[in-house]
Amino acid sequence: MTDERQPDGDGTGPGRARLLLGGGLAVVLLAVIGGSAGWILAGDPDRPPTPGEAAPVVTASTSAPASTPPATTAPAPTGTRTSAPAGLTVPEVVGVDFEQARRELRDRRLGWRLVFGTGAGRSVERASPAPGTPVKRGVTVSLFVTGPAPAVSVPDVGALSCSDAADDLVDAGLYPRYGTGRQGPVTAQEPVAGSPARWNDQVVLTCGDTGSASPAATPSPTG
C-alpha cells in the first residue's frame with residue numbers, strides 16, 4: 001500500500017508555506033555568514049565592530065624628524081682692544097716735588113703741563129686727571145704747583161742737532177720753539193746761552209743751513 005501525499009490543488013497549503021519560510025531563513029543565514037567571512041578575509045576597516053568588540057586602534061605612522069644641526073654660538077669677546085697698556089694710571093704725584101712728579105710722568109710716557117701758583121713751595125697740590133685714573137700713553141697730565149716758577153739759566157745748545165737741543169731745553173724746564181724747521185744743527189738760539197729765564201719759558205731755535213749765497217757783485221762801469 002503506497003502512501004502518496006499530493007499537494008493541495010491551489011499550491012497555498014501549509015506545506016508550501018513552511019517550505020518558503022525555511023528557504024528564506026536559509027538565504028538570510030548564508031548572506032550573514034558570507035558577509036562576515038568577506039569582512040574577515042578582506043580585512044575591511046569599515047566593518048562596524050560587533051557588540052562587545054573593541055574598535056580597532058589606528059596608529060598614524062610618523063617619520064623621524066630630520067636631524068637639526070646644533071646651534072652655533074659665537075665665541076664670547078675676550079675684551080676690548082685699546083691703546084692703553086693694562087694698569088697704566090696717573091701716578092700718585094700730589095704732595096711730591098714738581099720735578100719728581102714730572103719725571104714719573106715721563107717714565108710712563110705721559111705728557112705734562114706745569115701750572116705754577118702764587119703761594120710758596122714746589123710741591124704738586126693737585127693733578128688733572130687725578131692720580132689713579134686709567135689713561136692711555138701720550139695723555140697730558142696737568143700738575144698744579146703751589147709756588148711760582150723757579151728761575152733757570154738758558155743752556156748752550158748751539159753745537160747740537162735740533163732734536164738734541166730740544167731735549168736739553170726740556171730737561172732744563174724750558175720749551176723749544178722752532179723758527180725755521182726741526183732739521184739740521186742749531187745755528188742760533190734766543191735767548192742766548194746763560195740768559196736768565198724761568199720754568200716754562202720758550203727758547204727759539206734756528207736749525208739747518210740758513211746761509212745763502214751772496215749775490216754776485218755787479219762791476220761798476222768804467223769811464
Side-chain angles (χ1 to χ4, degrees), residues 73-212:
T73 304
T78 57
T80 303
R81 295 183 60 186
T82 65
S83 58
L88 180 60
T89 60
V90 176
E92 183 55 61
V93 292
V94 174
V96 178
D97 183 88
F98 76 87
E99 286 195 66
Q100 175 63 30
R102 186 185 71 156
R103 281 194 293 270
E104 293 186 18
L105 293 176
R106 292 180 73 177
D107 291 344
R108 289 166 172 78
R109 297 176 63 182
L110 297 173
W112 68 90
R113 184 173 71 95
L114 296 174
V115 182
F116 292 96
T118 57
R122 294 168 50 97
S123 63
V124 176
E125 59 181 352
R126 65 186 179 92
S128 179
T133 303
V135 289
K136 299 177 182 179
R137 283 196 178 119
V139 168
T140 297
V141 179
S142 297
L143 301 177
F144 296 86
V145 185
T146 56
V152 295
S153 179
V154 177
D156 184 1
V157 294
L160 303 177
S161 67
C162 201
S163 60
D164 288 343
D167 290 341
D168 281 3
L169 291 176
V170 171
D171 288 341
L174 303 171
Y175 285 93
R177 186 165 151 245
Y178 305 94
T180 57
R182 302 187 182 189
Q183 302 298 324
V186 175
T187 57
Q189 67 178 78
E190 179 61 37
V192 296
S195 298
R198 288 189 174 273
W199 276 72
N200 286 353
D201 285 352
Q202 291 184 346
V203 176
V204 179
L205 299 178
T206 302
C207 301
D209 296 329
T210 58
S212 58

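Just the heavy atoms: all of them, side chains too, but no hydrogens, waters or symmetry mates, feed the values below.
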| query | Within a radius of less than 6.0 Å around CD of Q183, do more than 12 heavy atoms belonging to other residues, nucleotides or ligands occur? | reply | no
| query | Above 12 or not: heavy atoms from other molecules or residues under 6.0 Å from CZ of R126? | reply | no
| field | Between CG on residue L169 and CG on residue L205, distance to nearest 0.5 Å | value | 5.5 Å
| request: Go through the structure and list residues passing side chain to side chain contact (heavy atoms under 4.5 Å, CB included) with P129, not counting sequence neighbours. | output: V90, T133, V135, V141
| If you measure from CZ on R102 to CG on L110, what distance do you get to the nearest 0.5 Å? | 14.0 Å
| note | Interatomic distance, OG1@T146 vs CZ@F116, rounded to 0.5 Å, equals 10.0 Å
| said: Just so I know, are the side chains of V186 and C207 near enough to count as touching, which here means a heavy-atom distance under 4.5 Å? | reply: yes
| field | Non-hydrogen atoms of V96 and E92 that approach each other most closely | value | CG2-O, 3.9 Å
| field | Heavy atoms from other residues, nucleotides or ligands near CZ of R106 exceed 12 (cutoff 6.0 Å) | value | yes
| Shortest non-hydrogen separation from P191 to V154 and the atoms involved | O-CG1, 3.7 Å
| Distance, nearest 0.5 Å, that separates CG of L143 from OG of S123 | 11.5 Å
| note | The single option from V170, V204, V203 that satisfies side chain to side chain contact (heavy atoms under 4.5 Å, CB included) with P176 is V170
| When rounded to the nearest 0.5 angstrom, what distance separates CZ in R103 from CG in D171? | 10.0 Å
| Shortest non-hydrogen contact from C162 toward G181 | SG-O, 3.9 Å
| request: Determine yes or no for a side-chain-to-main-chain donor-acceptor pair under 3.5 angstrom, with D201 supplying the side chain and R198 the backbone. | output: yes
| request: Provide the closest heavy-atom pair for L174 versus A197 in the form atom of the first, atom of the second, distance. | output: CD2-CB, 4.1 Å
| query | Closest heavy-atom contact between Y178 and A166? | reply | OH-CB, 3.2 Å
| remark: Separation between CZ (F98) and CD (E125), nearest 0.5 Å, reads 13.5 Å
| task | Can you sort out the partners of E104 under side chain to side chain contact (heavy atoms under 4.5 Å, CB included), two or more places apart, ordered by chain and number? | result | P91, V93, Q100, R108
| field | Check: S128 side chain, S142 main-chain N or O, donor-acceptor pair, under 3.5 Å | value | no
| For Y175 and N200, which heavy atoms make the closest approach, and how far apart are they? | CE1-OD1, 3.3 Å
| Are the side chain of E99 and the backbone N or O of R122 linked by a donor-acceptor pair below 3.5 Å? | no
